[in-house]
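The structure is given below, and queries will be raised subsequently.
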Amino acid sequence: MRVLAIDPGTTKSGWCLLEDGAPTDWGWDDNEWVKGMFKWIGVEPTNDVLVIEDVGHYGLPVGRDVFETVKWIGRFIERYTGPVALIPRPEVLVNLCGKRQGANDSSVRQALIDRFGGDEVAVGGKKCQTCKGKGWKGAGRPVCPECDGDKYETPPGVLHGISGHAWSALAVGVTYLDQQP
């Protein structure tokens, strides 16, 4: 099963593609570009799912940006041909952090890192200190004896490179998968 999870925005959206529960691709791109992704996901017959972080006011007044984001959610849903799930942010917080109050983006990010094996396994990618991540040392460029030319003390993990709104999209996708029987 593939899940395309989106953290919608007014002009750009964070997105994450999960295959068999693990992120395989992600980004933060223009909404038109994200909408164009639907031509290679959700084509019948598949069990691909589009999951979008739903917007709510949560007791606070909303402005023009929120309404513009809601319009984009509608455009995404209209364009996608497969099943769609909307998941509100409080549901994501409770699922990953165990509570809504006091949970924030950094606690969600840490919960995701912990779920995928912790910092060294999930993110990894710590560059070798001996060769400074080059894989070689010195003018003759022999292979670095510390990392054997791999360039890393710890290899990049499945979450290596995820940043910004892609973390929110990943959180929405993981929450959707957790809710499936």
Side-chain angles (χ1 to χ4, degrees), residues 1-31 33-35 37 41 48-77 80 82-126 154-181:
M1 172 197 285
R2 292 190 307 176
V3 173
L4 177 59
I6 299 176
D7 173 28
T10 56
T11 58
K12 293 177 104 177
S13 292
W15 59 274
C16 184
L17 180 64
L18 293 103
E19 296 187 52
D20 299 322
T24 57
D25 203 3
W26 53 81
W28 187 57
D29 293 291
D30 291 330
N31 287 338
W33 186 91
V34 173
K35 201 168 70 168
M37 290 176 60
I41 184 170
D48 295 347
V49 179
L50 175 65
V51 182
I52 302 173
E53 184 176 307
D54 201 7
V55 173
H57 64 82
Y58 312 118
L60 301 171
V62 296
R64 182 170 178 76
D65 286 352
V66 172
F67 290 110
E68 199 59 40
T69 300
V70 169
K71 289 177 192 175
W72 271 106
I73 291 172
R75 290 178 187 129
F76 290 147
I77 292 170
Y80 190 70
V84 177
L86 297 171
I87 299 180
R89 181 73 174 168
E91 221 171 284
V92 173
L93 297 176
V94 170
N95 180 63
L96 293 173
C97 302
K99 61 182 182 173
R100 180 178 168 186
Q101 295 297 94
N104 56 26
D105 287 346
S106 63
S107 55
V108 166
R109 180 181 181 275
Q110 190 59 53
L112 288 167
I113 290 170
D114 292 345
R115 173 173 291 216
F116 283 93
D119 281 324
E120 281 192 23
V121 174
V123 180
K126 182 177 177 190
T154 58
V158 69
L159 304 180
H160 186 78
I162 295 180
S163 63
H165 293 279
W167 281 109
S168 296
L170 174 61
V172 170
V174 167
T175 298
Y176 171 79
L177 291 171
D178 287 351
Q179 294 174 347
Q180 300 313 297

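Starting from 1, each residue takes its place in the sequence as its number.
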query = Side chains of Leu112 and Leu96: closer than 4.5 Å at any heavy-atom pair?
reply =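 In contact.
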ask   = So, do Arg89 and Val108 sit near enough that their side-chain heavy atoms are less than 4.5 Å apart?
value =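 Heavy-atom side-chain distance check passes, below 4.5 Å.
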ask   = CD1 of Ile52 to OG1 of Thr69: how many Å apart, nearest 0.5 Å?
value =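 Rounded to the nearest 0.5 Å, the CD1-OG1 separation comes to 11.5 Å.
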message = Can you confirm whether or not the ring centre of Trp15 sits under 6.0 Å from the ring centre of Trp33?
response =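 Yes; Trp33 has its ring centre under 6.0 Å from that of Trp15.
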request  = Check the surroundings of atom CD in Gln180: do more than 12 heavy atoms from other residues, nucleotides or ligands lie under 6.0 Å from it?
outcome  =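 Yes - once you tally the heavy atoms of other residues, nucleotides and ligands closer than 6.0 Å, there are more than 12.
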ask   = Salt bridge check: are Asp178 and Arg115 linked by an N-O gap of less than 4.0 Å?
value =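 Salt bridge: yes.
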key: Reported CG-to-CZ distance for the pair Leu18 and Arg2, which is rounded to 0.5 angstrom   =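 Answer for the CG-CZ pair, Leu18 versus Arg2, is 11.5 Å.
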request  = Take Leu86 and Ile77 through the side chain to side chain contact (heavy atoms under 4.5 Å, CB included) test and state the conclusion after the steps.
outcome  = CA-CA 10 Å; Leu86 297 171; Ile77 292 170; 4.1 Å; yes
inquiry  = Give me the atom names and distance for the closest heavy-atom approach of Thr175 to Glu91.
reply    =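 So the minimum-distance heavy-atom pair works out to CG2-O, 4.1 Å.
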key: Nearest heavy-atom neighbours spanning Met1 and Leu177   =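 Reported closest heavy-atom pair: SD-CD2, 3.8 Å.
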task = Using distance alone, with no hydrogens and no angle criterion, decide if Gln110 and Asp114 have a side-chain donor and acceptor under 3.5 Å apart.
result =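 The criterion, which ignores hydrogens and geometry beyond distance, is satisfied for Asp114 and Gln110.
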message = Evaluate Glu120 against Thr154 for side chain to side chain donor-acceptor pair (under 3.5 Å), listing each step before the verdict.
response = CA-CA 7 Å; Glu120 281 192 23; Thr154 58; 5.6 Å; no
query = Hey, does Trp72 have a side-chain heavy atom less than 4.5 Å from the side chain of Lys35?
reply =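 Yes - at least one pair of side-chain heavy atoms lies under 4.5 Å apart.
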query = Rounded to the nearest 0.5 Å, what separation is found between the CE atom of Met37 and the CD1 atom of Ile6?
reply =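 Met37 atom CE to Ile6 atom CD1 measures 7.0 Å (nearest 0.5 Å).
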task = Of all the heavy-atom pairs spanning Gly124 and His160, show the shortest one and how long it is.
result =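 Between these two residues, the closest heavy atoms are O-ND1, 3.4 Å.
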query = With distance as the sole test, does Trp167 use its side chain to make a donor-acceptor pair with the main-chain N or O of Arg109 at under 3.5 Å?
reply =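 Checking the backbone N and O of Arg109 against the side chain of Trp167, no donor-acceptor pair under 3.5 Å is found.
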key: Residue of the set Thr24, Asp25, Val3, Asp48 for which side-chain contact (heavy atoms from CB on, under 4.5 Å) holds with Glu19   =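 Among Thr24, Asp25, Val3, Asp48, the one meeting side-chain contact (heavy atoms from CB on, under 4.5 Å) with Glu19 is Thr24.
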inquiry  = For the CD1 atom of Ile87 and the CG atom of Asn95, what is their distance to the nearest 0.5 Å?
reply    =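 That separation rounds to 8.5 Å.
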message = Using side-chain heavy atoms (C-beta onward) and a distance below 4.5 Å, is Glu53 in contact with Pro88?
response =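 They are not in side-chain contact.
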task = Mind checking the CZ-OG1 spacing from Phe67 to Thr10? Nearest 0.5 Å is all I need.
result =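 OG1 of Thr10 is found 14.0 Å from CZ of Phe67.
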message = Distance check, rounded to the nearest 0.5 Å: Phe116 atom CZ versus Leu159 atom CG?
response =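 Reported to 0.5 Å precision, the distance equals 5.5 Å.
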ask   = Considering all heavy atoms of both residues, which atom of Ala171 and which atom of Val92 are nearest to each other, and what is their separation?
value =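 Taking Ala171 first and Val92 second, the nearest heavy atoms are CB-CG1, 3.7 Å.
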key: Side-chain H-bond candidate by donor/acceptor type, Ser13 with Asn31, under 3.5 Å   =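 Yes - a donor-acceptor pair under 3.5 Å links their side chains.
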message = Show the nearest heavy-atom pair for residues Asp7 and His165, with the distance to one decimal.
response =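 Nearest pair, atom of Asp7 first, then His165: OD2-ND1, 3.0 Å.
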ask   = Which atom pair, heavy atoms only, marks the closest approach of Cys16 to Ala166?
value =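 The pair with the smallest heavy-atom distance is CB-O, 4.3 Å.
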